[in-house]
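Start at 1 with the first residue, then count along the sequence. Just follow the structure's listing: the first ligand is 1, and inside any ligand the first atom is 1. Bear in mind the structure is a predicted one, so any value in this text is a computation, not a measurement. Values below: every heavy atom of this structure, side chains too, minus hydrogens, waters and symmetry copies.
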Amino acid sequence: MEVLAYTPQVAAATAGLYDKVAKVVPEIEWPVFAPYVDAINRLKKQRNAVVLAHNYMTPEIFHCVADFVGDSLALAREAAKTDAQVIVQAGVHFMAETSKILSPEKIVLIPDMRAGCSLAASITGADVRLLKQKYPGLPVVTYVNTSADVKAESDVCCTSSNAKAVVEEIAREFGVDTVIMIPDKYLARNVAAKTGVKVITWEGACEVHERFTAQEIRDYRAAHPGIVVLAHPECPPDVVAEADFAGSTAAMINYVGDHKPQRVVMITECSMSDNVAVEHPDVDFVRPCNLCPHMKRITLDGILHSLQTMTFEVTVPADVAARAKKPIDRMLAIK
Ligand code: 13P
Ligand code: SF4
């Protein structure tokens, strides 16, 4: 890692940004982050680049260098409409692939090619072909947390924020009462619990959310009476059942903004609470810390290196991209 100096110019250029994150970034760490923040923000302009950052990025990325932040659905929508020539995906590989499929004329970079996902790793395109042979006529609803190969075999994609609507719409379009929903068994079960549509699942799970337990939630409630519990639908169903609200990362953020709970716990990846706490100083966040090792591969120095060297470029073979785009577009068209 290149070590950049914290000069008086850098301090002046980034002072406003530090004010924003002071609650969650210790003062002693800022001189390390600030030169990267400053260099990234200057280089982005030269390269006509945007940084699209997922809600699980650390606060110095999320609040200081991102041009757009959001959940998987919002990032996909933004990738489809940005005017920039270069997209730096501050997220994991499947998100960068989705950006490339939606904006094939743009250069899509990811700071670390190893930023994968346990869900994406749990299934291949060949697996989906076998599922379709086993259940002919049933639509395949594929979580965006999958490779382009898997999407290419699918009828429609979904994210955690639109899964129920997508399942209901595709069942209606196909005239069936059952769909195949891959690869997250917990998301599939949580959606099945909210709709009359039956769901055939796959044995995939998010390695971050599957670790939460219902007992943990009961312990939070016992330790902090009145606490509001928000859970991501990648959590096991018994965890979701103990929560006050379940929704995508963006839906959880909106819940805090709309309801302004006095004290809240977000049953999801570690960085979420830090990022949301910046915007809501009056809310007390109890912070469980389950890190996503893939998301955490994205760092400020990695983003700077990406912009300096225009690496690592994410590409998708044209035939796969053309087939994978159809289920993504179909999802984006569902309200
Ligand atoms: P959302 O931001 O779409 O809720 O997804 C969460 C997640 O785990 C992404 O990898
Ligand atoms: Fe995948 Fe879970 Fe990490 Fe999201 S949090 S990238 S679903 S492993």
Side-chain angles (χ1 to χ4, degrees), residues 52-58 61-62 66 68-79 89-99 102 110-123 141-147 150-151 157-167 181-191 201-212 230-236 239-240 243 245-256 266-276 288-298 314 328 331-332 334:
L52 302 188
H54 186 261
N55 292 325
Y56 292 161
M57 290 295 106
T58 46
I61 295 174
F62 185 92
F68 190 85
V69 293
D71 65 0
S72 311
L73 182 61
L75 294 180
R77 288 194 193 282
E78 188 61 22
Q89 198 83 41
V92 292
H93 190 265
F94 75 80
M95 295 175 174
E97 267 192 344
T98 304
S99 293
L102 290 170
I110 190 159
D112 192 324
M113 276 288 187
R114 295 169 301 173
C117 169
S118 64
L119 283 167
S122 74
I123 191 162
V141 180
T142 295
Y143 198 26
V144 283
N145 297 37
T146 45
S147 67
V150 167
K151 291 184 177 82
C157 287
C158 73
T159 73
S160 52
S161 64
N162 61 14
K164 179 174 177 282
V166 168
V167 162
M181 192 172 179
I182 55 173
D184 187 338
K185 61 180 172 184
Y186 294 137
L187 177 69
R189 284 180 206 157
N190 287 324
V191 169
T201 62
W202 181 257
E203 268 304 301
C206 162
E207 66 188 90
V208 177
H209 293 96
E210 71 175 347
R211 294 209 303 268
F212 290 107
L230 311 181
H232 195 278
E234 289 171 7
C235 293
V239 173
V240 168
F245 173 82
S248 76
T249 54
M252 284 192 255
I253 294 171
N254 292 341
Y255 185 101
V256 174
M266 291 182 156
I267 306 301
T268 190
E269 210 267 350
C270 215
S271 292
M272 268 277 291
S273 302
D274 289 345
N275 291 333
V276 188
C289 205
N290 281 1
L291 280 172
C292 173
H294 309 289
M295 292 280 182
K296 264 48 230 189
R297 286 197 184 275
I298 309 303
V314 174
I328 301 173
M331 166 185 83
L332 293 177
I334 294 173

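Close contacts between ligand 2 and Cys117 involve ligand atoms 1 (Fe), 6 (S), 7 (S) [criterion: under 4.0 Å to a heavy atom]. With ligand atoms numbered from 1 in the order given, ligand 2 contributes 7 (S) to contacts under 4.0 Å with heavy atoms of Leu119. Under a 4.0 Å criterion applied to the non-hydrogen atoms of Val208, ligand 2 contributes the atoms 5 (S). Each of the atoms 10 (O) of ligand 1 lies under 4.0 Å from some heavy atom of Met295. In summary, the atoms of ligand 1 found under 4.0 Å from a heavy atom of Ser248, numbered by their order in the structure, are 4 (O). Within ligand 2, counting atoms from 1 as listed, the ones closer than 4.0 Å to a heavy atom of Ser118 are 8 (S). Each of the atoms 6 (C), 7 (C), 8 (O) of ligand 1 lies under 4.0 Å from some heavy atom of Glu234. The Asp71 neighbourhood of ligand 1 comprises atoms 1 (P), 2 (O), 3 (O), with distances under 4.0 Å to a heavy atom of that residue. Residue Glu234 has at least one heavy-atom neighbour below 4.0 Å for each of these atoms of ligand 2: 2 (Fe), 7 (S). Remark: ligand 2 atoms within the under-4.0 Å shell around heavy atoms of Tyr56 are 5 (S).
Between the side chain of Ser72 and the backbone N or O of Met95, no donor-acceptor pair lies under 3.5 Å. Looking only at distances, no side-chain donor or acceptor of Lys151 sits under 3.5 Å from a matching main-chain atom of Thr142. With hydrogens and angles ignored, the 3.5 Å screen pairs no side-chain donor or acceptor of Asn275 with any backbone N or O of Met272. Remark: side-chain polar atoms of Asp71 are not paired, donor with acceptor, to backbone N or O of Asn55 under 3.5 angstrom. When atom types are taken as modelled, the side chain of Asn162 and the backbone of Cys158 share no donor-acceptor pair closer than 3.5 angstrom.
Ranking protein heavy atoms by distance to atom 2 (Fe) of ligand 2, first place goes to Cys206 SG, 2.3 Å. Asn145 ND2, 3.4 Å is the protein heavy atom nearest to atom 10 (O) of ligand 1. What sits closest to atom 6 (C) of ligand 1 on the protein, heavy atoms only, is His232 NE2, 3.4 Å. Closest to atom 7 (S) of ligand 2, if we only count protein heavy atoms, is Asn145 ND2, 3.1 Å. Ranking protein heavy atoms by distance to atom 3 (Fe) of ligand 2, first place goes to Cys292 SG, 2.4 Å.
Under 3.5 Å, the side chains of Glu269 and His232 contain no donor-acceptor pair of N or O atoms.
Under the 4.5 Å side-chain criterion, counting only non-hydrogen atoms from C-beta, Ile182 is not in contact with Thr146.
The closest approach between His54 and ligand 1 falls below 4.0 Å for a heavy atom of the residue. Heavy-atom separations between Ser160 and ligand 1 include at least one value shorter than 4.0 Å. Under a 4.0 angstrom heavy-atom cut-off, Asn55 registers as lying outside contact with ligand 1.
The distance criterion of under 3.5 Å between nitrogen or oxygen atoms is met by Thr249 with respect to ligand 1. Checked by distance only, ligand 1 and Ser72 come closer than 3.5 Å through their nitrogen or oxygen atoms.
Distance OG1/Thr249 to CG/Leu73: 10.0 Å, rounded to 0.5 Å. Put simply, CD1 on Ile123 and CG on Asp184 are 11.0 Å apart, with the number rounded to the nearest 0.5 Å. Note that CD of Glu203 and OG1 of Thr201 are 6.5 Å apart. Values are rounded to the nearest 0.5 Å. Separation of atoms CZ (Phe212) and CG (Asn290) is listed at 3.5 Å; rounding is to 0.5 Å.
Checked for salt-bridge contact, Glu210 and Lys185 miss the test: no charged N lies under 4.0 Å from a carboxylate O.
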